[in-house]
J.: 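Would you mind keeping the following structure in view while I ask a few things?
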Amino acid sequence: MAAEKSTIDALGQFHLDTGLGAIGRSVNFANSNIMMVVAAALVLLALHYGMRRRAVVPGRLQALAEIGYQFIHDMCVEQIGEEGKRFFPFVFALFFFILIGNLIGLFPYFFTFTSHIAVTAALAVLVIVLVTAVALRIHGLHFFSYFWPEGAPVVLAPLIVPIEIISYISRPVSLSIRLFANMTAGHVMFEVFATFMLMLVGALGAFGYVLALGPLVINVALMGFEVLVAFLQAYVFAVLTCIYLHDAVHLH
Amino acid sequence: MTRLMRAGLAALMLAPALILAPALAWAGEGEGMPQLNFANPLTGSQVVWLAIIFAIFYVLLSRVSLPQVAQVLEQRSATIAGDLEAARGAKEQADLAVQELNLATRKAHADAQAAIAGAVAEAKAEAARHAVELNRKLEAQLAAAEQQITAARGTAMAALRDVATETASAMVQRLASVAAPRETVDRAVGAVLAGRG
């Protein structure tokens, strides 16, 4: 049993390697970076080819591009308000970068860069730095009143202020861990069930093929679930960014 | 609302963490999670490349791709607004024409009514005039006839006296064989006639 357990290499898929041969090795260009380029290029190409005809009545790709645009635009205006239009390109970039990263990661042999805590943490830090910068720029030092709920008794200040500060700092932590944990867990489960199939076949032969149908069915269902998670996590990341931006613009 | 959403999202976060815990324990035997292997220089360097790629992605999106989409959307809303405006103008014109038509119909109706009323009144006046004329003519004829009758009656009455006088004279002649003086007879006849009325 212990020997079998060691054959499940659920985490090997997250192993970083250099991409693009010798050039990549010399500049430490990782396989995750290749997928980042692919994701960004897919979004840009879809927009470019979609909008090439500039039709009044859109075709499929143009409709896709316009729906994506409208979706994020509406989200920004709804969550942040009229000022949200200024942050629209950023939220759009964030949402589609993460969404396409999640989705292409679902293909076999494709690296999922959103499953790396370093990547998600970098994106979350980018968000929180932007949010804080926006808040400081709009409200100046008045921004620090954000850590003091209006009308709270002064006696509670030593308690409330640290709590508010911790809650503010925990935002990027929860943002990054949420995305990283969701993507990693999904891919670990894929790997575990797939390896389980091979183990069944290896141990039980022909009968194993029949039993292997179980994990196969689970993986098929899991794939559907993971597509949902890919959309959901990208949406959650973008929506939370919008909510934080709303707080930064309006304070409270 | 947002508070509730945040609570829901926090709960969403829990599920994969629960799955992840045994996976991490499992991996404890090997090299551990590659995500947490900071000895690998690629773990850090991929973030640098992420910054570069995301920056280029953001600039291309905000400068080129998204304005393109915005332009097409604007163009479409402008086209739709223009078409709506044109349709509204056409409708206004049509409404105006209908109003004009209604006005003309009403006017024609009123004119026709007036013409009919005029004709009727004229006909009535004509008929009244005819009746008056006829009446006058008839009255004149009646008056003439009455005059004639009166005249005839007068002559007849005048003749009656002569006849009566003559008859009385003749009767006196025959009965008394005396010729009665004419004035006496005449006076007597006159008295009798006067007595009869």
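Chain naming here is simple, since letters A, B, ... match the order of the sequence lines and numbering starts at 1 in each.
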J.: Is atom CD1 of A/Ile23 surrounded by more than 12 heavy atoms (other residues, nucleotides or ligands) closer than 6.0 Å?
T.: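 No.
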
J.: Counting only heavy atoms closer than 4.5 Å, note whether A/Leu94 contacts chain B via side chain, backbone, both or neither.
T.: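 Contact with chain B involves both backbone and side-chain atoms of A/Leu94.
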
J.: For A/Phe196, does the CZ atom have more than 12 heavy-atom neighbours from other residues, nucleotides or ligands under 6.0 Å away?
T.: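 No - once you tally the heavy atoms of other residues, nucleotides and ligands closer than 6.0 Å, there are 12 at most.
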
J.: Could you tell me which portion of A/Val27 (side chain, backbone, both or neither) has an atom closer than 4.5 angstrom to a non-hydrogen atom of chain B?
T.: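 Backbone plus side chain of A/Val27, per the 4.5 Å heavy-atom cut-off to chain B.
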
J.: Checking B/Leu50 against chain A: side chain, backbone, both or neither under 4.5 Å from a heavy atom?
T.: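 Both the backbone and the side chain of B/Leu50 come within 4.5 Å of chain A.
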
J.: For the interface with chain A, which of B/Thr43, B/Ile56, B/Ile80, B/Ile52 has the highest count of heavy-atom pairs at distances below 4.5 Å?
T.: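 If we count pairs closer than 4.5 Å to chain A, B/Thr43 comes out on top.
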
J.: Using non-hydrogen atoms only, which part of B/Ala51 is less than 4.5 Å away from chain A: side chain, backbone, both, or neither?
T.: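 The answer is neither part of B/Ala51.
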
J.: Which residue out of A/Gly186, A/Gly50, A/Ser32, A/Gly68 racks up the most heavy-atom pairs below 4.5 Å with chain B?
T.: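 Going by pairs under 4.5 Å, I would pick A/Ser32.
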
J.: Hey, could you give me the CG/CZ distance between B/Leu66 and A/Phe92, rounded to the nearest 0.5 Å?
T.: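 The CZ atom of A/Phe92 is 5.0 Å from CG of B/Leu66, to the nearest 0.5 Å.
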
J.: Of all the heavy-atom pairs spanning A/Ala93 and B/Tyr58, show the shortest one and how long it is.
T.: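 Nearest pair, atom of A/Ala93 first, then B/Tyr58: CB-CD1, 4.2 Å.
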
J.: Show the numbers, then the answer: is there a side-chain contact (heavy atoms from CB on, under 4.5 Å) between B/Gln71 and A/Met51?
T.: CA-CA 10 Å; B/Gln71 213 178 0; A/Met51 302 319 283; over 6 Å; no

J.: Starting at NE2 of A/His48, measure out to CG of B/Leu60 and round the result to the nearest 0.5 Å.
T.: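 Rounded to the nearest 0.5 Å, the NE2-CG separation comes out at 11.0 Å.
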
J.: Counting heavy atoms not belonging to A/Phe71, are there more than 12 under 6.0 Å from its CZ?
T.: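 For A/Phe71, atom CZ is crowded (more than 12 foreign heavy atoms under 6.0 Å).
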
J.: Looking only at non-hydrogen atoms, find the nearest pair between A/Asp17 and B/Leu42 and report the distance.
T.: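 Heavy atoms only, the tightest pair is C-CD1, 3.4 Å.
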
J.: What part of B/Gln46 is in contact with chain A, defined as an atom under 4.5 angstrom from a non-hydrogen atom: side chain, backbone, both or neither?
T.: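 When you check distances to chain A, atoms from both the backbone and side chain of B/Gln46 fall under 4.5 Å.
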
J.: Just checking B/Met171: does its CE atom have more than 12 heavy atoms from other residues, nucleotides or ligands closer to it than 6.0 angstrom?
T.: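 Check fails, neighbour count at 12 or below.
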
J.: For the residue pair A/Gln62 and B/Val72, establish whether any side-chain heavy-atom pair is separated by less than 4.5 Å.
T.: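 Contact flag for A/Gln62/B/Val72 side chains = yes.
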
J.: Under 4.5 Å heavy-atom distance to chain B, tell me which part of A/Phe90 shows up: side chain, backbone, both or neither.
T.: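 Both backbone and side chain.
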
J.: Heavy-atom pairs under 4.5 Å with chain B - which of A/Phe96, A/Phe88, A/Phe97 has more of them than the others?
T.: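 Max contact count across the listed options: A/Phe97.
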
J.: Which bit of A/Gln70 comes within less than 4.5 Å of chain B, counting heavy atoms only: side chain, backbone, both or neither?
T.: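 The side chain, not the backbone.
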
J.: Are A/Leu11 and B/Pro34 side-chain neighbours, meaning at least one heavy-atom pair lies under 4.5 Å?
T.: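 Yes, their side chains come closer than 4.5 Å.
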
J.: Going from CD on B/Gln68 to CZ on A/Arg52, what distance comes out if it is rounded to the nearest 0.5 angstrom?
T.: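 Spacing of CD (B/Gln68) from CZ (A/Arg52) equals 10.5 Å.
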
J.: State whether the number of non-hydrogen atoms from other residues, nucleotides or ligands found under 6.0 Å of A/Arg53 atom CZ is greater than 12.
T.: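 Atom CZ in A/Arg53 is not crowded, with 12 or fewer foreign heavy atoms closer than 6.0 Å.
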
J.: Determine the interplanar angle of the B/Trp49 and A/Phe29 rings, folded into 0 to 90°, and report it as parallel if under 30°, tilted if 30 to 60°, perpendicular if over 60°.
T.: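 Aromatic pair B/Trp49/A/Phe29 classed perpendicular.
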
J.: Can you tell me how far apart CE (A/Met36) and CZ (B/Phe57) are? Round to the nearest 0.5 Å.
T.: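 Going from CE on A/Met36 over to CZ on B/Phe57, the span is 12.5 Å.
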
J.: Using non-hydrogen atoms and a 4.5 Å limit, figure out which bit of B/Leu73 sits close to chain A: side chain, backbone, both or neither.
T.: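 The side chain, not the backbone.
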
J.: Side chain, backbone, both or neither: which part of A/Ala121 has a non-hydrogen atom closer than 4.5 Å to chain B?
T.: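 The answer is neither part of A/Ala121.
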
J.: Within the distance-only criterion (no hydrogens, no angle test), does the side chain of B/Ser65 pair as donor or acceptor with the backbone N or O of A/Leu47 below 3.5 angstrom?
T.: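 A pair under 3.5 Å: no.
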
J.: Hey, are the side chains of A/Ile117 and B/Met33 touching, using non-hydrogen atoms and a 4.5 Å cut-off?
T.: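 They are not in side-chain contact.
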
J.: If you take all heavy atoms of A/Pro58 and B/Arg76, which pair is closest and at what distance?
T.: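 Scanning both residues completely, I find the closest heavy atoms to be CD-NH2, 3.7 Å.
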
